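Counting starts at 1 for both ligands and their atoms, following the listed order. Computed from heavy atoms alone, side chains included, the values below leave out hydrogens, waters and symmetry copies. The structure displayed is predicted, hence computed values, not measured ones.
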Amino acid sequence: MIKFNESHANLKENINDYQSEVSKVHKMIHEKTGAGNDYLGWVDWADNYDKEEFDRILKVAEKVKDKAEVLLVCGIGGSYLGARAAIEMIQGLYPKNDTEVIFIGNTFSSTYMVQVLDYIKDKSAVLNVISKSGTTTETALAFRILKQAFEAKYGKEECKERIIVTTDREKGTLKPLADKEGYEKFVIPDDIGGRYSVITPVGLLPMAIMGIDIKAVMKGLKQAYDDLNTDDLDKNHAYRYAVARRILQNEGYDVEMLITYDSHMTLVAEWWKQLFGESEGKEEKGILPTSANFSTDLHSLGQFIQEGKKVLFETVVTVEKPYLDMEFPYDEVNSDGMNYLSGKSLDWVNKMAFEGTLEAHEVTGGVPNLIINLEDTSAYTFGYMCQFFFMACAMTCYMIDINPFNQPGVEVYKKNMFRLLGKN
Ligand code: PA5
């Protein structure tokens, strides 16, 4: 499903030399003995997920699809990025769905809020508010505005059919509110943190409403769980990736740029940045995760990558079979001189761009390249990819003695903001 290739990174150490360290961490992950071990529920989630709740997701999704021209997904960070990454990766940016999805509650931008309210004014909408803590300000602010708009438009009774809450089993303000108002509720498990939660109702409900086969997502997740349930560095490609990152940081590369070659993979990169950035960037350690979408960004960042300061390595996510493809047409006149491509598929052109860029960056530019090859962008591969990156991330963090599951640094801006906002 996912093949990892480090042969273009010119690594100065041998990945297999890390075998004993990796074996120790593998044991820590599976025996749940490392820091933050209360948040390792994602490891065997493919086996242990709540099957009844999963069936309820499917039923609710069918009801929502009938009702909603617009699905509003209100959440931020881990309560937003995974669902959006999945929907865009699997369906592309302009899917032929009767329901359109809009993500909200992930910004304080007043312009965005006012425009969304205006956009949905004459449309039939359903709102899924997602917050594990139930107290995140961006989400709570948007939810209050939307709840009032929904009540004014549909009435309180109809809102029971139009507002769905995904939150903690007990904690936070959303759970009691949902109970009081009679909203449909889904649970974010105690032992799965935000950025690991796309495989729970957090991601699965929006995906299902958008018509994604979430059974296939769970099958991919399970296959990855089985494939990656080994400490053997010759077999576990997620761990090979983690070790390759570690070696590159030892060589002085403190920045990793995740490269995608399809516009509909951009949000996967955003999701990956949150996963690694929030998990690993602590105690003045970690690799800064950044991203670029090629060939678009070859016309901007490409210059720096090729000839700028040698601070970064690239991790390129390639896709074997594109979701959609077409043939480049022949033109009688050929005034643009493009006939040399007629009859070729656009995906082939994209792949040649990748090959040419790889050589330019690796050989001419001396930039190490790691390659993660996905078979396709299906729901199954998405599920597989989640487990792949989760395992790689946990391995990375534990190898440098970091708790992968907290985010103490995120609180600092909140404290300052609350003071300025006059919150008690
Ligand atoms: O990964 C995390 O835990 C965070 O990014 C959270 O998902 C994010 O802060 C949103 O939190 P909540 O779901 O509590 O609103």
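- Applying the side-chain contact (heavy atoms from CB on, under 4.5 Å) test between F354 and each of V319, V316, V349 identifies V316 as the sole match.
- Distances from atom 9 (O) of ligand 1 to the protein include no heavy-atom value under 4.0 Å.
- Between F390 and Y196, the ring-plane angle classifies as tilted under the 30° and 60° cut-offs.
- Between K285 and E280 there is no salt bridge, since no side-chain N of the basic residue sits under 4.0 Å from a carboxylate O of the acidic one.
- Per-residue contacts place S133 under 4.0 angstrom from the following atoms of ligand 1 (heavy atoms of the residue considered): 12 (P), 14 (O), 15 (O).
- The distance from ligand 1 to the heavy atoms of G78 drops below 4.0 Å at these ligand atoms: 5 (O), 6 (C), 7 (O).
- Nearest to atom 4 (C) of ligand 1 among the protein's heavy atoms is E278 OE1, 3.6 Å.
- Nearest-residue assignment for atom 5 (O) of ligand 1 (options K171, Q274, K414; heavy-atom criterion): Q274.
- Interface of I76 with ligand 1, defined as ligand atoms under 4.0 Å from a residue heavy atom, comprises 7 (O), 8 (C), 10 (C).
- Proximity to S79 (heavy-atom distance under 4.0 Å) selects the following atoms of ligand 1: 7 (O), 12 (P), 13 (O).
- Close contacts between ligand 1 and R195 involve ligand atoms 1 (O), 2 (C), 3 (O) [criterion: under 4.0 Å to a heavy atom].
- K282 pairs with exactly one of D401, N403, N406 by the side chain to side chain donor-acceptor pair (under 3.5 Å) rule, that one being N406.
- For the pair K51 and Y49, the distance from NZ or CZ to the six-membered ring centre is under 6.0 Å and the angle to the ring normal is within 45 degrees.
- A salt bridge is absent between D55 and K59: the closest approach of a Lys/Arg side-chain nitrogen to an acidic carboxylate oxygen does not fall below 4.0 angstrom.
- At least one side-chain heavy atom of I372 sits less than 4.5 Å from a side-chain heavy atom of F4.
- Ion pairing between R56 and E184 holds under the 4.0 Å rule for side-chain N and carboxylate O.
- Annotation for ligand 1: atoms under 4.0 Å from non-hydrogen atoms of Q407 are 3 (O).
- At a 4.0 Å cut-off, not a single heavy atom of T139 sits close enough to ligand 1 to count as contact.
- In terms of protein heavy-atom proximity, atom 11 (O) of ligand 1 is closest to T136 OG1, 3.5 Å.
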